[in-house]
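Both ligands and their constituent atoms are indexed starting at 1 by order of listing.
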Amino acid sequence: MSSLSGNAKIAGVIGWPVAHSLSPRLHGYWLQTLGIDGAYVPLPVAPENISDALRALPKLGFAGANVTVPHKEAALAAVDEVSEIANRIGAVNTLICKSDGTLYGDNTDAFGFIENLRAGAPSWRPDSGRALVLGAGGAARAVITALIDAGVTEISLSNRTLARADDVAQYIGGNVAVVPWEARDTAAEGVTLLVNTTTLGMTGKAPLEMDIRALADDAVVTDIVYAPLQTPLLASAHARGLTTVDGLGMLLHQARPGFEAWFGVRPEVTADLRRHVLESLG
Ligand code: ATR
């Protein structure tokens, strides 16, 4: 939107730091292409100010905001009302300012993950076999919650720090089997969905060391890392002829419910949007 009216709806992304966030570019694309009278701005908020900043959003007339690292857990504690899924994931990534001045906290990461998986691997079925999830941060909690809700009944979880994986399995409360990090290659035997939620493979980080030979022949391999788009893990899976799904789509899809809540239009993820966001990744 080149110019805003006095009625413009305002949303943004709260993080610390926030300069690296792709969300302003992503929401900005939708606002512009859909011709919406609205803006989506970066909101750098230091941890000591998060509670004040969140309380101020409705008072400033914001429609809502996204919340990113490191504030997702603090946002869960600060909002007036939490969605069921945000509670189960233990984090809030989407805030909606309600007309009565209260703050509603939701989490759209599970939605983003499963939408991206379904779009990138249409042949994948929740009942096709066991899933193996690597990592035990907030992203892992969202991915596992999404898989359970999609109907996956067998999930293995492996993380360098075993205790964190145990904590995630206990927090989720579903049927999640924790596997020691050293046993991840063996745990890949017959797996039909492998998900990397660790930061390994990201530009500047070590690659994920994972032997994918034991995966099922119809396995899907997906990474939540999107810089680079083709991580070493996805490259090796592709070389084995497996279906791969990159992490950019999760970021794009998780943004859709928030945009709809704030600006009143459900946006779509298109090839042109991907190109637009990728341009800024260099
Ligand atoms: P988020 O909450 O966004 O998922 P995080 O809590 O920083 O992010 O989690 C990063 C994940 O990458 C963790 O699972 C972490 O493993 P630990 O729990 O053992 O820290 C994993 N990770 C990061 N560097 C790693 C490395 N060199 N080897 C193995 N796992 C690593």
Side-chain angles (χ1 to χ4, degrees), residues 13-23 45 47 50 66-77 85-94 105-114 116-117 131-148 155-172 176-188 194-212 221-228 231-234 236 245-255:
V13 54
I14 299 174
W16 187 259
V18 82
H20 66 281
S21 173
L22 296 175
S23 293
V45 176
I50 186 64
N66 282 124
V67 182
T68 187
V69 179
H71 299 315
K72 290 184 181 187
E73 281 82 9
L76 178 76
I85 196 148
N87 232 335
R88 286 167 60 209
I89 295 171
V92 158
N93 79 333
T94 302
D106 197 4
N107 192 310
T108 63
D109 285 334
F111 169 85
F113 172 77
I114 210 78
N116 183 42
L117 181 61
L132 172 59
V133 178
L134 305 176
R141 292 200 303 271
V143 166
I144 294 170
T145 303
L147 293 177
I148 290 172
I155 301 172
S156 300
L157 170 64
S158 188
N159 188 55
R160 175 181 60 181
T161 310
L162 187 70
R164 287 192 80 201
D166 283 334
D167 287 349
V168 168
Q170 200 178 357
Y171 187 88
I172 299 280
V176 179
V178 172
V179 177
W181 188 239
E182 301 70 33
R184 64 191 181 284
D185 290 346
T186 324
L194 174 65
V195 188
N196 175 44
T197 77
T198 76
T199 49
L200 295 170
M202 207 179 263
T203 307
K205 303 252 176 166
L208 167 67
E209 282 175 31
M210 177 86 210
D211 186 345
I212 58 157
V221 179
T222 180
D223 207 321
I224 70 156
V225 171
Y226 56 79
T231 59
L233 171 69
L234 295 184
S236 67
V245 182
D246 67 57
L248 184 62
M250 178 174 172
L251 175 82
L252 304 182
H253 281 283
Q254 65 75 33

Using distance alone, with no hydrogens and no angle criterion, decide if Asp223 and Thr231 have a side-chain donor and acceptor under 3.5 Å apart. yes
Close side-chain approach of Ile50 and Ile14, heavy atoms under 4.5 Å: yes
List in chain and number order the residues that pass salt bridge (charged side-chain N to carboxylate O under 4.0 Å, His left out) with Asp167, two or more places apart in sequence or in another chain; answer none if no residue qualifies. none
Can you tell me which residue pairs pass the salt bridge (Lys or Arg N to Asp or Glu O under 4.0 Å) test with a partner in residues 194-210, sequence neighbours excluded? none
Which pairs of N or O atoms, one from ligand 1 and one from the protein, are separated by less than 3.5 Å, and what is the distance for each pair?
{"from": "ligand 1", "atom 1": "2 (O)", "to": "Gly138", "atom 2": "N", "distance (Å)": "2.7"}
{"from": "ligand 1", "atom 1": "4 (O)", "to": "Ala139", "atom 2": "N", "distance (Å)": "3.4"}
{"from": "ligand 1", "atom 1": "6 (O)", "to": "Arg164", "atom 2": "NH2", "distance (Å)": "3.1"}
{"from": "ligand 1", "atom 1": "12 (O)", "to": "Thr199", "atom 2": "N", "distance (Å)": "3.3"}
{"from": "ligand 1", "atom 1": "14 (O)", "to": "Ala136", "atom 2": "N", "distance (Å)": "3.0"}
{"from": "ligand 1", "atom 1": "14 (O)", "to": "Asn159", "atom 2": "OD1", "distance (Å)": "2.6"}
{"from": "ligand 1", "atom 1": "16 (O)", "to": "Asn159", "atom 2": "OD1", "distance (Å)": "3.2"}
{"from": "ligand 1", "atom 1": "18 (O)", "to": "Asn159", "atom 2": "ND2", "distance (Å)": "2.8"}
{"from": "ligand 1", "atom 1": "18 (O)", "to": "Arg164", "atom 2": "NH1", "distance (Å)": "2.8"}
{"from": "ligand 1", "atom 1": "19 (O)", "to": "Arg160", "atom 2": "NE", "distance (Å)": "3.0"}
{"from": "ligand 1", "atom 1": "19 (O)", "to": "Thr161", "atom 2": "N", "distance (Å)": "3.0"}
{"from": "ligand 1", "atom 1": "19 (O)", "to": "Thr161", "atom 2": "OG1", "distance (Å)": "2.5"}
{"from": "ligand 1", "atom 1": "20 (O)", "to": "Arg160", "atom 2": "NH2", "distance (Å)": "2.9"}
{"from": "ligand 1", "atom 1": "27 (N)", "to": "Arg160", "atom 2": "NH1", "distance (Å)": "3.3"}

What side-chain hydrogen bond (donor to acceptor under 3.5 Å, both in side chains) pairs are there with at least one residue in residues 156-166, not counting sequence neighbours? Arg130-Ser156
Where Arg141 and Tyr171 come nearest, the two heavy atoms and their spacing: CD-CD2, 4.1 Å
